[in-house]
Amino acid sequence: MADLTRRAFLSSHGGYEYDGQKIADVDEKEIRQLCHKMRGKVDSIAICGVFSPVNGDQELMVEHWVREELPEVNISLSHKVGSLGILERENATILNAALQGTAKRFVEGFCHALEKHRIAVTPYFGQNDGTLMSQEFALKYPILTVACGPTNSIRGASHLTKLDDAIVVDVGGTTSDVGALTHGYPRESSVAVELGEVRTNFRMPDILAIAIGGGTKVMLNDGDIQLGPESVGHELTQKALSFGGDTLTLTDVALTKQVMEWTGKAKQESIDFAPEMADQIYSNMVEKVEDAIDRMKTSATKVPVILVGGGSALMPNEFEGVSSVVRPEHFEVANAIGVALGEISGQLDKIVPIEPNQRAEVLADLEREACQLAMEAGACANSVSVIERSEIPLSYLQGNMVHVKIKAAGKIA
């Protein structure tokens, strides 16, 4: 159970074993008594059961009873938010529950702005897997909007270059987000993600952020070069040396080396800066970007790199360990293009027993379930298809248990 100002934890009977067998039944009377204790004290409730990703029936029953007792509160179910790992899944569910009130305000505010300007459209919101979700879905799962910015850029990069597999470097004013494009979509992180030093295990893109951007401050101390993490950000044309300011930035370095040309409205001034030092700083920046690219690669094989974002004008036309560097037309608005072209998706994440002679049948049922999730999120039924599937046998569990992840997507209905 969680709200925006305080948190309390209440436990009750129930839960499952790893194979879906009951540990104990949930007690309706007990749940209703807990609801009486919470009445008038909370805004949101997170319901988390042991091994609920294997079997979510008990969480659904508890949700039904809670809605009868507390119809005004927001409810989050852990098997709809996170994966295996009860503490990480509990953290993710609490965060989702706490964000539901905020989501209601920004969704309603956005819709009100559309109505005010007489824009008659159906709003959709970006998810952190590069797809979109409906207004109703965003209100239920606001946590899935976390880190949606970089994923939109990755999707936009795919559309602009017609590449389905590459490394994407999205350069802004403060940071560069490096991600992997796999089958036309951002690669999902396979490890637990920390938000505010709290471990969670909900779906997140595999993104590496480094302090390299157009406004990144350059500090020189006795010959040592330090890049960032501070940045002048949107005040570049007021604070950078090239525009009459007093701060050395990576944009100043790139302009000195004539790697980039300034075409903005602000007047550029020439600065007295040693070319040798500019070369040294620029090489330092390139090394950091190359290291980030290498860390995102899954093998030593050379792969193409796509440069997007307004700050990518800083970057060179080649990197070590890269097959080619692609800087597409309209690279500066790849983020907007990515979200505008997004499809609606649904993702299924379950642990199920699969007997060898029933594998095809079980997976077909799970694929239909994933497609149904996409349709519930707002996808057109005729266009939904499975775009990603993974199966991981859990050898440490008995009963041929397999961790299955299936993602389906389709066009906006």
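Each residue takes its place number in the sequence, starting with 1.
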Peer 1: Could you list the residues that satisfy side chain to side chain contact (heavy atoms under 4.5 Å, CB included) with N96, not counting sequence neighbours?
Peer 2: S76, V81, Q100, Y141, P142, I143

Peer 1: Is a side-chain N or O of S383 found less than 3.5 angstrom from the main chain of K411, in a donor-acceptor match?
Peer 2: yes

Peer 1: Minimum heavy-atom separation for P229 to A211, with atom names?
Peer 2: CA-CB, 3.7 Å

Peer 1: Under the rule for side-chain hydrogen bond (donor to acceptor under 3.5 Å, both in side chains), what residues qualify as partners of E388, not counting sequence neighbours?
Peer 2: none

Peer 1: Is it true that, when you exclude D224 itself, more than 12 heavy atoms of the residues, nucleotides or ligands shown sit nearer than 6.0 Å to its CG?
Peer 2: yes

Peer 1: State the CD-CG distance between E188 and N128, to the nearest 0.5 angstrom.
Peer 2: 8.0 Å

Peer 1: Calculate, to the nearest 0.5 Å, the distance between atoms CD1 and CG belonging to I167 and L208 respectively.
Peer 2: 10.5 Å

Peer 1: Got a donor-acceptor contact below 3.5 angstrom from the N201 side chain to the S83 backbone?
Peer 2: yes

Peer 1: Between N284 (side chain only) and Q280 (backbone N and O only), is there a donor and an acceptor less than 3.5 Å apart?
Peer 2: no

Peer 1: Taking atom CD of E72 as the centre, report whether more than 12 heavy atoms of other residues, nucleotides or ligands fall under 6.0 Å from it.
Peer 2: yes

Peer 1: Without swapping roles, check the side chain of Q58 against the backbone of G15 for a donor-acceptor pair under 3.5 Å.
Peer 2: yes

Peer 1: Looking only at heavy atoms, which two atoms of T174 and S231 are closest? And how far apart?
Peer 2: OG1-OG, 3.4 Å

Peer 1: Main chain of M315, side chain of R327: is a donor-acceptor contact present, judged purely on distance under 3.5 Å?
Peer 2: yes

Peer 1: Between R199 (side chain) and L87 (backbone), is there a donor-acceptor pair under 3.5 Å?
Peer 2: no

Peer 1: R89 and S78: side-chain donor and acceptor closer than 3.5 Å?
Peer 2: yes

Peer 1: What distance separates S11 OG from L34 CG, expressed to the nearest 0.5 Å?
Peer 2: 8.0 Å

Peer 1: Write down the atom of S158, the atom of L181, and the distance for their closest heavy-atom approach.
Peer 2: CB-CD2, 3.5 Å

Peer 1: Please list all pairs passing the ring pair (Phe, Tyr, Trp, His ring centres under 6.0 Å) test where one or both residues lie in residues 198-246, with sequence neighbours left out.
Peer 2: F243-W262

Peer 1: Testing the basics here: between N74 and G101, what is the closest heavy-atom pair and its distance to 0.1 Å?
Peer 2: ND2-N, 4.0 Å

Peer 1: What salt bridge (charged side-chain N to carboxylate O under 4.0 Å, His left out) pairs are there with at least one residue in residues 166-182, not counting sequence neighbours?
Peer 2: none

Peer 1: Mind checking salt bridge (Lys or Arg N to Asp or Glu O under 4.0 Å) for K350 and listing every partner two or more places apart, or none if nothing turns up?
Peer 2: E369

Peer 1: Run the numbers on V232 and Q238 for side-chain contact (heavy atoms from CB on, under 4.5 Å), then give the verdict.
Peer 2: CA-CA 9 Å; V232 297; Q238 287 82 46; over 6 Å; no

Peer 1: List in chain and number order the residues that pass side chain to side chain contact (heavy atoms under 4.5 Å, CB included) with P316, two or more places apart in sequence or in another chain; answer none if no residue qualifies.
Peer 2: Y282, V286, F319

Peer 1: Evaluate the side-chain proximity of L227 to M285: yes if any heavy-atom separation is below 4.5 Å, no if none is.
Peer 2: yes

Peer 1: Side chains of I210 and V289: closer than 4.5 Å at any heavy-atom pair?
Peer 2: yes

Peer 1: Do R295 and V178 come within less than 4.5 Å of each other through their side chains, counting heavy atoms only?
Peer 2: no

Peer 1: Test: salt bridge (charged side-chain N to carboxylate O under 4.0 Å, His left out). Region: residues 231-260. Which pairs qualify, not counting sequence neighbours?
Peer 2: E235-K239, K257-D279

Peer 1: Roughly how far apart are L363 CG and L366 CG, rounded to 0.5 Å?
Peer 2: 6.0 Å

Peer 1: Are L10 and S12 close enough, and set up right, to give a side-chain contact (heavy atoms from CB on, under 4.5 Å), and what steps lead you there?
Peer 2: CA-CA 7 Å; L10 301 173; S12 64; over 6 Å; no

Peer 1: Answer whether the closest heavy-atom distance between the side chains of P356 and N400 falls below 4.5 Å.
Peer 2: yes

Peer 1: For residues 120-149, which residue pairs qualify under salt bridge (charged side-chain N to carboxylate O under 4.0 Å, His left out), counting only residues two or more places apart or in two chains?
Peer 2: D129-R203, D129-K407

Peer 1: May I ask you to test the T93-L77 pair for a side-chain heavy-atom distance under 4.5 Å?
Peer 2: no

Peer 1: Crowded around E320 CD? As in, over 12 foreign heavy atoms under 6.0 Å?
Peer 2: no

Peer 1: Checking S44 side chain against A98 main chain: does a donor-acceptor pair fall under 3.5 Å?
Peer 2: no

Peer 1: What is the distance from atom OG1 of T131 to atom CD1 of I387, rounded to the nearest 0.5 Å?
Peer 2: 7.0 Å

Peer 1: Verify, without hydrogens or angle tests, whether S189 (side chain) and D206 (backbone) share a donor-acceptor contact under 3.5 angstrom.
Peer 2: no

Peer 1: Checking E90 now: which residues fulfil salt bridge (Lys or Arg N to Asp or Glu O under 4.0 Å) with it, not counting sequence neighbours?
Peer 2: none

Peer 1: Applying side-chain contact (heavy atoms from CB on, under 4.5 Å) to L220 and I225, what does each step give before you reach the verdict?
Peer 2: CA-CA 5 Å; L220 304 175; I225 299 171; 3.9 Å; yes

Peer 1: What residues, two or more places apart in sequence or in another chain, satisfy side chain to side chain contact (heavy atoms under 4.5 Å, CB included) together with Q358?
Peer 2: E355, V362

Peer 1: Check Q127 against T151 and note the closest heavy-atom contact, atom names and distance.
Peer 2: O-OG1, 3.4 Å

Peer 1: Taking S52 as the fixed residue, which of E59, H79, K80 is the one that meets the side-chain hydrogen bond (donor to acceptor under 3.5 Å, both in side chains) rule?
Peer 2: E59

Peer 1: Determine whether K288 and S176 make a side-chain contact, defined as any pair of heavy atoms from C-beta on separated by less than 4.5 Å.
Peer 2: no

Peer 1: What closest approach, in Å, do V171 and I212 show between heavy atoms, and which atom pair accounts for it?
Peer 2: CG1-O, 4.1 Å

Peer 1: Rounded to the nearest 0.5 Å, what's the gap from CZ on R368 to CG on D365? Could you check?
Peer 2: 4.5 Å

Peer 1: Check whether any side-chain heavy atom of L241 lies under 4.5 Å from a side-chain heavy atom of T249, and answer yes or no.
Peer 2: no

Peer 1: Please name all residues satisfying salt bridge (Lys or Arg N to Asp or Glu O under 4.0 Å) with E367, sequence neighbours left out, ordered by chain then number.
Peer 2: R389

Peer 1: Begin with the C-alpha distance, continue with both residues' side-chain angles, and end with the deciding distance and a verdict on side-chain contact (heavy atoms from CB on, under 4.5 Å) for L160 and I306.
Peer 2: CA-CA 10 Å; L160 290 172; I306 307 171; over 6 Å; no

Peer 1: So do H183 and D165 actually touch side chain to side chain, heavy atoms under 4.5 Å?
Peer 2: yes

Peer 1: Identify all side-chain donor-acceptor contacts of residues 106-126 below 3.5 Å with residues at least two apart in sequence or on another chain.
Peer 2:
none

Peer 1: Could you tell me whether a side-chain N or O of Q226 sits under 3.5 Å from a main-chain N or O of G228, the two making a donor and an acceptor?
Peer 2: yes

